[in-house]
2 protein chains.
Amino acid sequence: MATDRDTVLEAAVGVLSRRPTAHLDEIARAAGISRATLHRLFPGREALILEVGMLGLRRFAAALDTAAVEDGDARAALRRLVDAAVPDAALCAFLAGENQLYDDDRLNDLWEVQIARLHALFLRGQQQGVFRIELSAAWLSEAFFDLVAGIGWAVQDGRLAPRDAAFSLAELFLGGALRRPDTTGTPESTDTAPAVQNDPDRKPETDTP
Amino acid sequence: MATDRDTVLEAAVGVLSRRPTAHLDEIARAAGISRATLHRLFPGREALILEVGMLGLRRFAAALDTAAVEDGDARAALRRLVDAAVPDAALCAFLAGENQLYDDDRLNDLWEVQIARLHALFLRGQQQGVFRIELSAAWLSEAFFDLVAGIGWAVQDGRLAPRDAAFSLAELFLGGALRRPDTTGTPESTDTAPAVQNDPDRKPETDTP
DNA sequence: CTATTCTGAGACATCCGTGTCTCATTCGGC
DNA sequence: GCCGAATGAGACACGGATGTCTCAGAATAG
């Protein structure tokens, strides 16, 4: 069944996102299968890496879809995207580290499309007056993806609790590190939760001890 | 002379930060030397990688020193750190991607020390009321380093102009992506440059076309 | 100008990961 | 309980990167 392949791919990500040069032995062990079965599922290392990348891009594209980033207020859309993308942050971490070494056309095209959607989101937000215009939309896109990857690494290594991931990402990226001098009555607290309290309707996610 | 070694190491970073599996041939060519000379300078691949990591950590430690992150207002200290660290962002990008695969004690110890200094800076800033306390100092440290690495990648690939690097990093990290509803009269614009203009006294850096 | 040192180019052996094979064992269906 | 399919374990050859060597040419000091 296809689920089996995806399970193996996710296990592979867990190893490859931290050590791109990991041997196939290690990946197979992490997936709980033998090297022979790994070879039966994927013709070779190159094919495995490619499929991991494709899985990551499919997940990120799905996150953009479920978040409906093309609709409505850009700030709310970004918050939705954070919630949708954080569960697959490990995949994104892998993509962030390895996307430049691919030379597969399908994957590169898919990558460009997703980045363009992210870019469009920030551009729209700037036109709406929601996002700052002093920072280019391209940089906002890239920095957002870098932080998603950082979330993935931090969660994977146990430095960040999964339940804090979405909040940490959204708050830092949207509001920055500086404490707001006075959060009462700021216009941006009208339709979203204020910066100083947790978003109550984010899903708690499973803890990984 | 030792400068020669560092020159080779910087060339190696330019290749390794994007492709950790690059062959020694490629690294030697990027450094403008032959593979034989590369072997004369560094006993082997492992030693080369290790020295690249050590160089990155030394540079980052030097940036922490010159920025005097232990002194004064935390926000101003962070801005100084940004200016000091951005020129070596490529080194930091390499460290961010590879620091977990080292098992050298010297390097790991040095790494821990620098991260602790960064952590202390954010903790101090939180105690001063400068940085937000809803985000843990550990996450702020990690996210900051991730963004420095992102700056390094973006500049290296030509997606971000070097002259915009420090500004983009400082503004996004400190202020976030959301447009401030009203920047006039905020206490945080008293001792540092306002958010919307570039820092005039940062060094311009050479453009890489 | 000469001698010393350093560098580049190439050849060579070695090591390690990969890809493929076979065979015993186990799981699941009948 | 029997049979087929799938899996795991191991062996083995291949390929490529690495490490080491030699030698010719260039650079530099004297």
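Residue numbers begin at 1 in each chain, while the letters A, B, ... track the order of the sequences.
- With respect to B/Phe145, the ring pair (Phe, Tyr, Trp, His ring centres under 6.0 Å) criterion is satisfied by exactly one of B/Phe173, B/Trp139, B/Trp111, B/Phe94: B/Trp111.
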Margin query: For a quick check, with a 4.0 angstrom heavy-atom cut-off, what is the B/S/- contact string for nucleotides 16-22 of chain D, read 5' to 3'?
Written below: -SSBB--

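- Summarising the geometry, the separation between CZ on A/Arg19 and P on C/dG17 is reported as 11 Å, rounded to the nearest angstrom.
- The side chain of A/Thr37 places no N or O atom within less than 4.0 Å of a non-bridging phosphate oxygen (OP1 or OP2) of D/dT7.
- Among residue pairs with one or both ends in residues 53-68 of chain B, those qualifying as side-chain hydrogen bond (donor to acceptor under 3.5 Å, both in side chains) are B/Glu10-B/Arg59, B/Arg59-B/Asp88, B/Asp65-B/Arg117; sequence neighbours excluded.
- Note: CG (B/Leu41) to C1' (C/dG8) measures 13 Å, nearest angstrom.
- Remark: B/Arg124 engages B/Ala77, B/Leu121, B/Gln128 in a side chain to side chain contact (heavy atoms under 4.5 Å, CB included) (not counting sequence neighbours).
- Between the side chain of A/Thr37 and the backbone N or O of A/Ile33 there is no donor-acceptor pair closer than 3.5 Å.
- Classification of the A/Phe122-A/Phe131 ring pair by plane angle, with boundaries at 30° and 60°, yields tilted.
- Residues satisfying the salt bridge (charged side-chain N to carboxylate O under 4.0 Å, His left out) test with B/Glu98, not counting sequence neighbours, are none.
- Regarding A/Ile49, its CD1 atom lies at a distance of 11 Å from the P atom of C/dG19, rounded to whole Å.
- Judged by distance alone, the side chain of B/Gln156 and the main-chain N or O of B/Ala93 form no donor-acceptor pair under 3.5 Å.
- Counting to the nearest Å, the C1' atom of C/dT20 and the CZ atom of A/Phe42 are 18 Å from each other.
- Terminal axes of the helix from C/dC1-D/dG30 to C/dC30-D/dG1 (five pairs each, C1' rotation axis) are separated by 30°, to the nearest 10°.
- To the nearest angstrom, C1' of D/dG25 lies 18 Å from CD1 of B/Ile33.
- Scanning for salt bridge (charged side-chain N to carboxylate O under 4.0 Å, His left out) contacts around B/Arg19 gives B/Glu26, with sequence neighbours left out.
- Using a 4.0 Å cut-off, no side-chain N or O of B/Ser34 falls inside it from OP1 or OP2 of C/dT7.
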